[in-house]
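Report on one structure; see the data block that follows.
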Amino acid sequence: MPNKSPYLPKDIEESIYHEWEQTGVFSPSDKVNTFSLMIPPPNVTGTLHMGHGFQNAIMDCLVRFKKMQGYSTLWQVGTDHAGIATEMVVERLLAKEGISKTNLGRKKFIEKVWDWKHQSGDTITQQLRRLGGSLDWENERFTCDDKYTEAVQHAFIELFDAGLIYQGYRLVNWDPKLQTSLSDLEVINEERDGKIWTIRYAIENSDTYVEVATTRPETLFGDMALAVNPEDSRYSHVIGKRAIIPTANRSVPIIEDSYVDSAFGTGVVKITPGHDFHDYEVGQRHGLHLNDSGEAMTGETSMFLPISIMDKNACLHGEIPNEFKGLERFQARKLLLEKLGSMKMLVAEKDHRINIPIGDRTNEILEPLLTKQWYVDAKTLALPAIKAVKNNEIKFVPQNWEKTYFQWMDNIQDWCISRQLWWGHRIPIWFDENENAYAGTSESHVRQKYRIDGALRQEEDVLDTWFSSSLWTFATLGWPKKTERLELFHPTSTLVTGFDIIFFWVARMIMMTIYFMKEIPFKEIFITGLIRDENGQKMSKSKGNILDPIDLIDGITLEKLIEKRTFGLMQPQLEEKIIAATRKQFPNGIDSYGTDALRFTFYSLAAPGRDINFDIGRIGGFKNFCNKLWNAMHFIDFQIEKHDFEWNLEANAFMHPLNSWMHKQIIEASQLIEDHIRNYRFDLASVTLYELVWSKYCDWYIELSKNLLTEAQKEQQKLLITGLIVNLEDIVKLAHPFMPFITEKIHRKLRAIQGKDQTVFLVNTSMPSLREPVIKDNGFINDAIQIISSIRTIRSELELDNQISLALNVPQDISNEALKDMNALKAPLARMCGVENLIQQELDQSTHAINLLISGVKYQLIFPDNFNFDKIVESLRDKKIKIVEQIDLIESKLNNQNFITKAPQDVVTNQQQKLIQLKKENQYLEESINKYS
RNA sequence: AGACCCGUAGCUCAGCUGGUUAGAGCGCUGUCUUGACAUGGCAGAGGUCGGUGGUUCAAGUCCACUCGGGUCUACCA
C-alpha cells in the first residue's frame, strides 16, 4: 500500500508559498504580451478582512490564469499609508502611555508612526501570502516610501503650476475631534432624531416679528440675513427691512431668494453662511458682508465675506455675547434656548428627523467651518475621465456601475486635498512673507525655481491619502521617471475593486492618470460585491460578526474567536450579545479549511453585481472537494503500486477510448472556464471545474476504469493508468488558478511518477486548452453512462438486491464497432449496475425484460425468470403519465399554426424531433406495461 | 427626491441576447462500510420562479404597475 496521507491543507500549503516566493516565480517573465494588475493597496497597518480575501482571490486567479495562457504577468503589490486611520491608531496607542500628539511634537510623532509601521506593517502582506497571492514582491511599493513620495510631490507641483490646484478660504467639513478637514466623501450623512425650534426675530423699527425655524439655533450668532421666497405673499412686506437677532445686539437684512421653500417651516430661513453650505451659496449670491460698523449688509457677489462664530474645537468665539464665548456648540445651544425661552422669543420646539454629518473615521458630528484649504480643480480633470468611460476605453463590469460613476462625475465638486494631520505627504508649498505660495520639492528648490531670498515657511498640512493613491497605477511603476516597467505594464489590464471606493479611488485614478500619463489607467474595472455575514449584515466590529479569512484557513477555537471579537470594543455593552451570538453560530469554533477551500468558496459565490452573504456552510463542501481531488491522486498512487506501473506510453495515452473521452471532457471544460474567466464569471468557472473533477473524473472516469484495471490486459492497464495521470495533470493545471496549493502538490507527485523535473511550478506551465486537441469521438462512453444511470435508477426503484444480476440486450441494428465498444465495458457494467451479461438477440415473449431508450435506440434490460414485476409496472405507469403530458404539450405547440410560422425553424425542428423521441419512449413504456400488467 | 440592486427548492445562490422536462452546493429521506475518498458511493423527495396586468406563437427571462428587502447620491433651514 502507498502511504496514505489524508488531505491536510496545513501540511501542503505551508512550504509551497515560500518556494514560489524564493524562486521569484511571480515576477514578470518577459517583455512582450503583458498583462498587469495593481493591487488596491491595503492599509499598511491593517489586517486582512473577508473583502480583501475575496478580491485578492479573484486577482490571483486572473493573474495565474493569464500567466498560464502565455502572458507576461505583473501583479503589483503595495500598501497605503492611510493617513487618518493610522494617525488615529498611533494617537490612541500613545494615549495609553499618557502621551499626547501635541506634547510629542510633529517630528517625534512621525517617528512613532514609522515605528508602528515597522512593527505591524508586514502583517497584512504576510496574510496576502497565506492566500497564495502571486504578487511581485521584488517590487513592493508603499505610498510613503521615498520613490513614491517623489511621484506625489511631482504630481502636486505639476498640477499647481498648471493652475489646477489652488488655495481657497471656504466652508469645509471639519472634524473637531481630529482637528482636520475632510472631503465630502468622508462624510456620512446619518438620519437621527433631532428637534426643530421656531425662534422669533423682531423687525427693526416696528413691533412685529417674523418666526424662523432652525435645527441649529446656536449658529444664530453667525446670521447675516433672513430669507424668504420672493413668491411668498405672507412676507412681501418685510423684504428689504431688517430683523434683530435675539440675544445678539445686531440686525440683519431680510432678503428674497428662491432657495427658500415657503411650504417648509415658517417660510423664513436664517442665513448663516459661515456654518451652512446652502447658506454659504445664498450669502454669496447676495454679497453678504459686514460693513465698517459691523452691520450685516447685502452687496455685490465679490463683497461676500462670511463670518465664523466657531473655532476649530467647535466652541463659540468671535463677536458674540460674552457668556457664550468658549462654550462648546451643544452647551451653547442649551444656554441659548434657555435665554430665548425667558425672553419669550422661543415659539416652538418640535421633534424632527435630521441628517447629521458624521466623520466616517471618528463618528464625530462634523462642523461646517470656514478655513483655508487646498483644492484640486476636479471639474477640469473630470471631463476627459468621463469621456474615457463614455467611449468605452474603460469598461465597468458589471456595466451598470458606470451610471454611478457618471452620476458623481457629472456633478463633481472641487476636491479638498489638504488635511490638518501630520502623517502623510506634507504639501510641497512654501509661503513668502506676503503669503504668496510657491510649489517645489524642497525649500532650496523653491528658492532656486522662483529666485527668492526672503523668509520662506512650509505649508503645515498634509495631502489627503487618496491624492497619493490616485497615482497608484503609474507611480508604482516608477513615474515620473520613464522606466521600462512603466512602458511595459501601463495602462494596466484590469482593476478589481469594490463599489464603495468608485468615487474615492477609481474615479480619481482615472482623472489623474489621464492627466499625467495621457492614457487610461486600466481597461476594465471589475466591481465586486461586498462580503456580508450569512444573514446579509455588513461585517463590523460593533456587530461582532467579523470573520477573519486566516481563521477560516487555520481554524480557531470558540474561546479565541470570542476573545478576538470582543477585544477593543468601542461599545462594551455589546459584549454579551456578541458572545452569545458567536457561541450559537460556532459552538465548536471554526474548523481549519485551508486556503484552497476558502478561495474556491469565494469563486463559487462571486456572481456579478450582488453582495455576497458568506455562508460558512459552503466552505465545508469545498474542503470536501479538495479532499476529492486529493484522493484522485491517491487512487493513481494506488494503481501504480499495484500494477508495477512504468511510464512509457504517454504518446499513446489517448488511444484508449476512456482516456480520450476524459480528455475531451477536460478540453470542453477548459474552453468554458476560459470564457467564464474572460467574463469575470468566477462562479460559473468554479461550477464547471467542480463538475469536471467530481462528476466527470471521479464518478465516471475512475469508476469506469476500475474494473478494466483489474481485468484488462497488462498493456491496457498501463494505457489506462497513463491516461489517468495525463488527464489529472491537465485538470490540476486548469484548477491551479483557483486552488494553487493542492494542485501544485499533486502536480509534483504526477511529475515524480513521470520521472520529470519536480521543480517546475504549475504557474509556469500552459493551460491544457493550448495543447493540440486529441479528440476521438467516444459517443458510446456517454451512452454507457446513460445506460448505467438508467439501470441504477430502476434497481433502486425496485429495491433490487445487489445479488440479483441482470442482462442487457443490445439492439440488433447496432454497429459492430459499437458492440465491440460495449463489450469492452462489460466489466464496469457489471460492477456499476449489476449487468452481468450482454446479449444481442431477438427476445421471445417469455423473457422478463423492460425497454430502455438510450440515444434513440432501444435496449432491453433482462430480469431473472422468477422476478415479480408488480412494482415496476407501477413506476412505469408514473413515467408514462409524465411522458404523455409532455407529448400533449408539444403536440399542442406543433398544432398551433402561429408557432409553426412564427417560431424560428430550428426551434420547430427541435420540437418535432423531441416529439418523435417521446412517442418512441411512450411506445416502449406501453409495451413493457402491457406485457406485465 | 433621484438612481441602482435583489426577491427562484428548507438555506445560500446560478439560470447568457425570451424557445428542450427551471439547475447547483449545503441540508433532508432511503440505502451501502466494496481496496482513492464516510471529507465517501448510489438513488430520491423538494420550487411554477414576490403579486397583478400586459407584449409575444412562446416569459423565471421583456414592459407597466404593485408589495417586500437593500445600497448609493442629493436633501427643506
Side-chain angles (χ1 to χ4, degrees), chain A residues 1-2 4 6-7 189 196 212-216 219 227 259-261 263-272 276 278-279 282 352 354-355 398 400-401 403-404 406-408 411 499-500 502-503 529-530 532 534 536 538 591 597 601 604-605 607 609-639 642 679 681 683-684 686-687 690-691 698-699 702-703 706 789 792-797 799 802 831-833 882-883 885-886 889-890 893 896-904 906-908 910-911 913-914 918:
Chain A
M1 283 286 282
K4 274 181 77 168
Y7 171 62
N189 288 302
I196 186 163
V212 175
T214 179
T215 54
R216 297 208 54 198
T219 62
Y259 152 73
V260 181
D261 177 358
F264 190 87
T266 62
V268 186
V269 185
K270 67 197 259 317
I271 301 298
T272 320
D276 181 285
H278 286 105
D279 291 2
V282 175
H352 185 65
I354 43 170
N355 276 303
N400 49 296
W401 286 110
K403 282 195 182 174
T404 308
F406 289 136
Q407 198 181 354
W408 188 67
N411 301 298
F499 60 83
D500 48 334
I502 290 179
F503 306 144
L530 234 56
R532 300 168 175 279
E534 73 283 359
K538 225 172 181 167
D591 279 347
T601 311
S604 73
L605 293 169
R610 70 188 291 163
D611 286 353
I612 290 156
N613 297 350
F614 192 88
D615 182 3
I616 189 98
R618 290 197 63 157
I619 190 171
F622 293 120
K623 187 183 177 188
N624 296 351
F625 177 59
C626 294
N627 183 59
K628 193 74 182 173
L629 185 59
W630 187 247
N631 277 294
M633 183 64 232
H634 263 178
F635 178 75
I636 291 177
D637 277 342
F638 185 79
Q639 298 306 327
K642 189 172 164 189
N679 298 319
R681 290 304 305 265
D683 56 333
L684 300 180
S686 68
V687 169
Y690 189 95
E691 186 144 312
C698 295
D699 288 348
I702 287 186
E703 292 303 323
K706 273 182 183 168
S789 293
R792 276 172 169 175
T793 306
I794 290 168
R795 291 193 76 111
S796 165
E797 273 172 349
E799 293 173 356
N802 281 341
R831 199 181 61 86
M832 294 171 81
C833 60
K882 281 184 188 161
I883 300 244
E885 268 174 23
Q886 283 182 58
L889 190 80
I890 294 183
K893 268 193 205 173
N896 181 344
Q897 203 47 44
N898 276 326
F899 176 71
I900 302 292
T901 52
K902 292 189 181 172
D906 59 323
V907 173
V908 177
N910 186 295
Q911 291 293 305
Q913 279 168 355
K914 180 123 199 254
L918 284 168

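All of these numbers come straight from a predicted model, not from anything done at the bench. Protein chains get the first letters and strands the later ones, always in sequence-line order, with residue 1 at the start of each.
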Closest to the 5' end of RNA chain B, once A/E691 and A/K538 are matched to their nearest nucleotides, is A/E691
Look at all strands and tell whether A/F622 reaches a base, only sugar-phosphate, or nothing, counting heavy atoms closer than 4.0 Å.
nothing
TODO: Sticking with atom C1', work out how far B/rA77 lies from B/rG7, rounded to a whole angstrom.
DONE: 39 Å
*Quick one: label A/T404 by what it contacts on the DNA or RNA (base, sugar-phosphate, nothing), any heavy atom closer than 4.0 Å.*
nothing
*Between B/rG25 and B/rU71, how far apart are the P atoms? Round to whole Å, please.*
32 Å
Whether A/D683 side chain and A/S604 backbone form a donor-acceptor pair below 3.5 Å
no
Between OH of A/Y259 and C1' of B/rA74 the distance, given in whole Å, is 13 Å
pair_partner(B/rA43), Watson-Crick or wobble, both distances < 3.5 Å, evaluates to B/rU29
Out of B/rG70, B/rU56, B/rA14, minimum distance to the side chain of A/D683 belongs to B/rA14
* Asked: With a 4.0 Å cut-off on heavy atoms, is A/D615 in touch with a base, just the backbone sugar-phosphate, or nothing at all?
  -> sugar-phosphate
Using a 4.0 Å heavy-atom cut-off, does A/D699 contact any base of the nucleic acid, only the sugar-phosphate backbone, or nothing at all? sugar-phosphate
Rounded to whole Å, the CG-C1' distance (A/N400 to B/rC6) equals 12 Å
pair_partner(B/rC37), Watson-Crick or wobble, both distances < 3.5 Å, evaluates to none
When you check the phosphate oxygens OP1 and OP2 of B/rC4, does a side-chain N or O of A/K403 lie under 4.0 Å from one of them? yes
Nearest-angstrom distance, P atom, B/rG2 to B/rG10 = 36 Å
Check your understanding: Would you say B/rG41 has OP1 or OP2 under 4.0 Å from some side-chain N or O of A/K628?
Key -> yes
Of B/rC57, B/rU39, B/rC26, the nucleotide closest to the side chain of A/N624 is B/rU39
For this session: With C1' as the reference atom in both, quote the distance from B/rC5 to B/rU21 in angstrom, rounded to an integer.
Result: 31 Å
Shortest non-hydrogen pair, A/T219 vs A/T272, comes out as O-CG2, 3.3 Å
From CG of A/N898 across to C1' of B/rU55 the rounded distance in Å is 14 Å
Exercise. Taking atom types as modelled, find out whether A/K623 and A/T601 have a side-chain donor-acceptor pair closer than 3.5 angstrom.
Key: no
- Task: Would you please test A/I890 and A/L918 for side chain to side chain contact (heavy atoms under 4.5 Å, CB included) and show each step?
- Result: CA-CA 10 Å; A/I890 294 183; A/L918 284 168; 3.6 Å; yes
By nearest-heavy-atom nucleotide on RNA chain B, the more 5' of A/V907 and A/K623 is A/V907
Determine the interatomic distance between C1' on B/rU8 and the same-named atom on B/rA14; round to the nearest Å. 10 Å
Using modelled atom types only, decide if a donor and an acceptor are shared between the side chain of A/R792 and the backbone of A/M832 within a distance under 3.5 Å.
-> yes
Are OP1 or OP2 of B/rG15 and a side-chain N or O of A/R681 less than 4.0 angstrom apart? yes
Taking donor-acceptor contacts at under 3.5 Å, does the side chain of A/E703 reach the base of B/rA36? yes
Practice task
Please check the phosphate of B/rA74 (OP1 and OP2 only) for any side-chain N or O of A/N411 closer than 4.0 Å.
Solution key: no
By the Watson-Crick or G-U definition, both distances under 3.5 Å, B/rA24 is matched with B/rU12
Handout entry: Expected output: side-chain A/R795 to main-chain A/C833 donor-acceptor under 3.5 Å
Key = yes
Considering only heavy side-chain atoms of A/N627, the closest of B/rC37, B/rG44, B/rA36 is B/rC37
Scanning all shown strands, the Watson-Crick or wobble mate of B/rC4 with both distances under 3.5 Å is B/rG70
Any strand, both distances under 3.5 Å, Watson-Crick or G-U wobble: B/rC76 pairs with none
When the P atoms of B/rC75 and B/rG23 are compared, how many Å lie between them, rounded to an integer? 49 Å
Students often get this wrong, so: under 4.0 angstrom with heavy atoms, is A/A213 touching a base, only sugar-phosphate, or nothing?
base
Separation of B/rA74 atom C1' from A/H278 atom NE2, nearest Å, is 9 Å
Donor-acceptor pair (no angle test) under 3.5 Å: A/N355 side chain, B/rC75 base: yes
At 4.0 Å (heavy atoms only), tell me whether A/C698 reaches a base, stays on the sugar-phosphate, or touches nothing. base
Distance between P atoms of B/rC62 and B/rC16 (Å, rounded):
8 Å
* Asked: For A/E797, which contact category applies under a 4.0 Å heavy-atom criterion: base, sugar-phosphate, or nothing?
  -> nothing
(request) Respond yes when some side-chain nitrogen or oxygen of A/K706 is under 4.0 Å from OP1 or OP2 of B/rA36, and no when none is. (result) yes
Please determine if a side-chain N or O atom of A/S604 lies less than 4.0 Å away from the OP1 or OP2 oxygen of B/rC13. no
| query | Is any side-chain N or O of A/N896 closer than 4.0 Å to OP1 or OP2 of B/rA58? | reply | no
Separation of B/rC37 atom C1' from A/I702 atom CD1, nearest Å, is 9 Å
* Asked: Within the pair A/H352 and B/rC76, is there a side-chain N or O less than 4.0 Å away from OP1 or OP2?
  -> no
Worksheet entry | Inter-nucleotide P distance (B/rG41, B/rA24), Å rounded | 15 Å
Rounded to whole Å, the CG-P distance (A/D591 to B/rU39) equals 11 Å
| task | Name the nucleic acid region contacted by A/R618, choosing base, sugar-phosphate or nothing; use a 4.0 angstrom heavy-atom cut-off, strictly under. | result | base
Winner on side-chain proximity to A/A607, out of B/rC57, B/rC13, B/rU71, is B/rC13
From CD1 of A/I612 across to P of B/rC13 the rounded distance in Å is 9 Å
key: Ion pair check, A/K706 and A/E703, cut-off under 4.0 Å   = yes
- Under 3.5 Å side-chain donor-acceptor pair for A/D906 and A/N910: no
message = Set out, in order, the CA-CA distance, both residues' side-chain angles and the distance that settles side chain to side chain contact (heavy atoms under 4.5 Å, CB included) for A/N631 and A/F638, then state yes or no.
response = CA-CA 10 Å; A/N631 277 294; A/F638 185 79; over 6 Å; no
Only one of A/W401, A/F503, A/F499 passes ring pair (Phe, Tyr, Trp, His ring centres under 6.0 Å) with A/W408, and that residue is A/F503
Winner on side-chain proximity to A/N910, out of B/rC76, B/rC42, B/rU20, is B/rU20
| task | Using a heavy-atom cut-off of under 4.0 Å over every strand shown, decide if A/K642 touches base, sugar-phosphate, or nothing. | result | base
The Watson-Crick or G-U wobble partner of B/rU48, with both key distances under 3.5 Å, is none
To the nearest angstrom, the CG-C1' distance between A/L684 and B/rC13 comes to 11 Å
